[in-house]
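Being a predicted model, the structure only gives us computed values, none of them experimental.
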Amino acid sequence: MSNQTRVTHFILRGFSDVPELRLVVIPFFLLVYSFGLLGNISIVTAVTRESRLHSPMYFFLKNLSFLDMCYTSATIPKALVISFTGSGVISYRQCVAQLYIFFTLACTECFLLTAMAYDRCLAILRPLLYGVIMNQRRCSELVAAAWVSGAIYSAFHTFNTFSLPYCGPNVIEHFFCDIPPVMRLSCTDYHVNEEVGFAVGSCILMSSFALTVLSYVGIVSTVVRIPSVEGRGKAFSTCSSHLTTVVLFYGTGSFVYLRPASQYSPTQGRLASIFYSVLTPSLNPLVYCVRNKDMKFALQKLYCQRKC
């Protein structure tokens, strides 16, 4: 691969091609990043310290928050530096590393969301056996499996992308090294690699999404049989936050990766990427805490301990 590669560095465009927008873009994304970082750190700390939150649901939420911190940190700081300095130079190896790390975290989040759907499904369908099935060991195994699967899946896509020779244009129309804009810069026909990546991605990610959908089919079919309105509302409230995250994550992610690189639009690609790589992980703390009384109490206790 190194013998075929002539490009030694790439140039990232950043959040926008318009220099005048930097004064708006930099404060906005810095605020979103800071808000997401503070929110996710707060969730990790609150779940760790509060004994009443030591349950499988909050164990997965804590891991999701830690993952989201890493997820946003893989792209936003570099993109902010690019927007501030105007220099988007990134070395070939740094681009490879960024793509691998970003995809590892993104795929791990995908598998972790599936594990969370399975957890909620068991809690509603098998409440009497839930504590036995979802013990601490099982939860740790599911999280470890999500990380290992994400790393392996990301390694395949990274190799599939950078096994192509890059010897011509090196300007990436994006704010980080992503598969569609990078693959388009190859100086050879990339359609075979594109089709292989599409086939593998469709099989794995759609299987994960299908398991999530099946979990919610089981949840809905059980909840609608609950006689009391209060009981149905309580059951749905434990799943609504997770369902919101799943819809945003899969909806925007599939728009970018389940389409040919030849049809990639820089503007649409950036907008979709902002949703699943910036806004969704940064807003997850807000989504999971708005309707969760236990989580709100734990956060109040964390920041207003004397008053509580």
Side-chain angles (χ1 to χ4, degrees), residues 1-34 36-37 69-107 151 154-190 193-194 197 253 256-257 261-279 281-282:
M1 184 174 74
S2 60
N3 292 333
Q4 294 179 334
T5 302
R6 299 177 187 175
V7 170
T8 58
H9 67 277
F10 294 99
I11 299 175
L12 294 169
R13 284 291 193 186
F15 289 113
S16 175
D17 295 331
V18 182
E20 289 76 11
L21 290 177
R22 290 177 186 173
L23 295 177
V24 178
V25 168
I26 294 174
F28 173 75
F29 283 101
L30 185 60
L31 179 64
V32 171
Y33 177 62
S34 302
L37 208 60
M69 284 191 293
C70 302
Y71 188 34
T72 53
S73 299
T75 57
I76 298 181
K78 178 67 175 177
L80 288 173
V81 171
I82 292 171
S83 299
F84 183 75
T85 62
S87 174
V89 177
I90 183 171
S91 71
Y92 180 87
R93 292 185 177 181
Q94 287 176 340
C95 190
V96 174
Q98 187 185 53
L99 190 145
Y100 175 72
I101 292 171
F102 174 78
F103 257 81
T104 296
L105 297 170
C107 297
S154 177
F156 162 76
H157 274 292
T158 304
F159 176 79
N160 187 55
T161 302
F162 288 99
S163 60
L164 294 166
Y166 295 92
C167 51
N170 64 342
V171 178
I172 300 175
E173 299 289 343
H174 213 333
F175 61 91
F176 67 94
C177 291
D178 202 1
I179 290 177
V182 170
M183 193 172 282
R184 292 180 67 198
L185 299 179
S186 174
C187 53
T188 187
D189 186 9
Y190 57 81
N193 295 60
E194 180 185 57
V256 175
Y257 299 110
S262 56
Q263 297 179 8
Y264 175 79
S265 169
T267 303
Q268 293 178 355
R270 284 182 188 142
L271 289 175
S273 298
I274 286 171
F275 272 96
Y276 74 82
S277 68
V278 180
L279 294 180
S282 297

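Rounding to the nearest 0.5 Å gives a distance of 11.0 Å between CD of Q98 and OG1 of T158. Rounded to the nearest 0.5 Å, atoms CD (E194) and CG (N160) are 10.0 Å apart. Note that the NE2 atom of H9 and the CD atom of Q94 stand 11.5 Å from one another [nearest 0.5 Å]. Atoms CD1 and CD1, from I90 and I82 in turn, are 7.0 Å apart once rounded to the nearest 0.5 Å. Summarising the geometry, atom CD1 belonging to I274 is positioned 11.5 Å from atom OG belonging to S282; distances are rounded to the nearest 0.5 Å. One distance of note links CG of L164 with OH of Y190; it measures 10.0 Å at 0.5 Å rounding.
In summary, the side chains of Y33 and S73 do present a donor paired with an acceptor at a separation below 3.5 Å, with no hydrogens or angles considered.
Among all heavy-atom pairs drawn from C95 and F162, the shortest one is SG-CZ, 4.0 Å. Of all heavy-atom pairs between N170 and V7, the closest is CB-CG1, 4.0 Å. Scanning all heavy atoms of the two residues, the minimum distance from A74 to I101 falls at CB-CG2, 4.2 Å. The minimum heavy-atom distance linking F156 with G197 is given by the pair CE2-CA, 4.2 Å. Annotation for F175 and A79: closest pair O-CB, 3.8 Å, computed over non-hydrogen atoms. Nearest approach of L12 to C177, heavy atoms of both residues: CD2-N, 4.0 Å.
Within the 6.0 Å centre-distance limit, the rings of H174 and F176 are counted as a close aromatic pair.
Counting only heavy atoms from C-beta outward, the side chains of L80 and K78 never approach each other to under 4.5 Å. Here the side chains of I172 and V182 are in contact, with some heavy-atom distance below 4.5 Å.
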Open item on the list: For a side chain to side chain contact (heavy atoms under 4.5 Å, CB included) check, start with the C-alpha distance between V89 and F10, then their side-chain angles and the critical distance, and finish with the verdict.
Closed with: CA-CA 6 Å; V89 177; F10 294 99; over 6 Å; no
Task: Trace of the side chain to side chain contact (heavy atoms under 4.5 Å, CB included) decision for F29 with S83 - done: CA-CA 10 Å; F29 283 101; S83 299; over 6 Å; no
- [ ] Might you work through the side chain to side chain contact (heavy atoms under 4.5 Å, CB included) test for S91 and T8, ending with a clear yes or no?
- [x] CA-CA 6 Å; S91 71; T8 58; over 6 Å; no
Task: side chain to side chain contact (heavy atoms under 4.5 Å, CB included) between L99 and I179, intermediate numbers included - done: CA-CA 8 Å; L99 190 145; I179 290 177; 4.0 Å; yes
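A side-chain donor-acceptor contact under 3.5 Å links S186 to the backbone of P165. A donor-acceptor pair is defined here as one N or O able to donate and one able to accept, closer than 3.5 Å; such a pair exists between the side chain of S154 and the backbone of T104. Side-chain atoms of S34 do not come within 3.5 Å of backbone N or O of L31 as any donor-acceptor pair.
Annotation for F275: atom CZ does not count as buried by contact number, only 12 or fewer foreign heavy atoms lying within 6.0 Å.
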